[in-house]
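Single-structure report; data block below.
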2 protein chains.
Amino acid sequence: MIAERGLASTRIADVAERAGTSPPAVLYWFGSKDDLLTDALTVDEDRFYGAMTERLAALERPRHRLRLLIEACAAEYDWALWMELWGRALRDRGAAAARQRLDDRWREQIAEVIRDGQQAGEFAAGDPDDAAAIIAAVLDGLAVQVTLGDRAIPADRMRDLTVRSAELLVGCELAPLDERALAAGPSEEPRPWAS
Amino acid sequence: MIAERGLASTRIADVAERAGTSPPAVLYWFGSKDDLLTDALTVDEDRFYGAMTERLAALERPRHRLRLLIEACAAEYDWALWMELWGRALRDRGAAAARQRLDDRWREQIAEVIRDGQQAGEFAAGDPDDAAAIIAAVLDGLAVQVTLGDRAIPADRMRDLTVRSAELLVGCELAPLDERALAAGPSEEPRPWAS
DNA sequence: GTGTAACTTGAACGGCAGTTCAGTTTTTCG
DNA sequence: CGAAAAACTGAACTGCCGTTCAAGTTACAC
């Protein structure tokens, strides 16, 4: 509902109808509209994060993992909900806490890929937390433009620009994902195109 | 009012009281609350842009102009209004158009500094529009975290990370601004620390 | 001055939507 | 089966707030 109608114009009655029940029933479970909204905003992010963790684990090489991260953000994720959460976090304590938790986890996810890449010798040295913060910021910033339909930044340009930024930061080319990379399970194929 | 109370909870009565008048008087001038809000959201951005243009013109060297741009965004600008505009632009046609106009102009501002730097031989070659889009995105993305009080990203880290990103992109160190740089008028001081 | 247009206002209207409540249905469990 | 707890509902309540309106005040032109 929030993704469709926006946080501001999502009514309890809408949620109830979609759930095939009545407004008081919604209140029965959530207590108040505020609680409902704050809970709802984090569900999608949590699901995306979970799926991403699985898919990352299926890729062996850090350079592929980093590329997948970026591609998924540019092509699959619904940033409208994320932006609604930002707006709410400006004034709502619960929303602010939820955002902090999700963002910490997300940046850590990126930083871990970078650390792996450095240990594997694929990525150049440098503070992985700094690089993660910058990559996350580029994704957020460009995603806003894409989501708002900016003429200058369609989704594929978002992907290309983010990939380029990441390449500069880790000093390693992030080749496009092909079936080999996506299908590759852990611990096989000893670096066929190693740098 | 919007910066203080948020877009969602700013009432016409609040605006009227602050202006020392009555709610109907506000409607008399703006027609409806929607028109009022969309107008209001762009006033601050326009003012910031105007002041920035003047201050940039006072700096001779592109590397100083780029640094000033970043420092001002990290230290002086109120990003809460910008975030409210994003949220509104998700559903409001007028707000979306206003955002597009402001963002186009802002990215062009950055791109122009980069083109100047390339022509002056300070900055490395490369598409200035791409670099501008990335720098703008880093600023937006980090500003969100700073504005929401993210523990991991205080304002000075936002500044440092953005400066580092920009340095990577333009291949030129962006030294801190001192009185010399700020006071320097156009066409003097023939590159004392040229690369 | 005086008439007209511009501007302002207090008061009231109207609708929306979150919440409450009293009562009904469904489920659970001994 | 039967009683108690849980789950749910329709209807009404309530407060809020944007908007309208008719009447008032000020500014201005001639």
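We name chains A, B, ... by the order of the sequence lines, and we start the count at 1 in each one. FYI, side chains are in, hydrogens and waters are out, and symmetry mates aren't considered; it's all heavy atoms of this structure. Just so it is clear, the model here is predicted, and its values are computed rather than measured.
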- Message: Among residues at least two apart in sequence or on other chains, which ones pass ring pair (Phe, Tyr, Trp, His ring centres under 6.0 Å) with B:F48?
- Response: B:Y77
- Considering all heavy atoms, the nearest A:R105-A:E45 contact: NH2-O, 4.4 Å
In plain terms, say whether [X] and [Y] are close enough for a salt bridge, that is, a side-chain N and a carboxylate O under 4.0 Å apart.
X	Y	result
B:R115	B:E108	yes
B:R107	A:D150	yes
A:R157	A:D160	no

- Query: Which residues pass the side chain to side chain donor-acceptor pair (under 3.5 Å) test with A:E167, sequence neighbours left out?
  - Reply: none
- Query: Looking at DNA chain D, which of residues 2-11 of chain A put a heavy atom within less than 4.0 Å of it?
  - Reply: none
- Mind listing the residues from residues 25-34 of chain B sitting with a heavy atom below 4.0 Å of DNA chain D? Number order is fine. B:L27, B:S32, B:K33
- Flag side-chain contact, heavy atom, 4.5 Å: B:R99 against B:R88: no
When you measure from the side chain of [X] to the backbone N and O of [Y], does any donor-acceptor pair fall under 3.5 Å?
X	Y	value
A:R65	A:L59	yes
A:D46	A:V43	no
A:E84	A:L7	yes
B:Q100	A:R151	yes

- Which is the 5'-most and which the 3'-most nucleotide of DNA chain C that has an atom under 4.0 Å from a heavy atom of chain B? C:dA6 to C:dA11
- Take atom CD1 of B:I12 and atom C1' of D:dT20, then tell me their distance rounded to the nearest Å. 12 Å
- Task: Give, ordered by number, those residues of residues 83-92 of chain B having at least one heavy-atom distance below 4.0 Å to an atom of DNA chain C; if nothing qualifies, reply none.
- Result: none
- Task: Step through the shown structure and confirm whether more than 12 heavy atoms of other residues, nucleotides or ligands are within 6.0 Å of CD on B:E17.
- Result: no
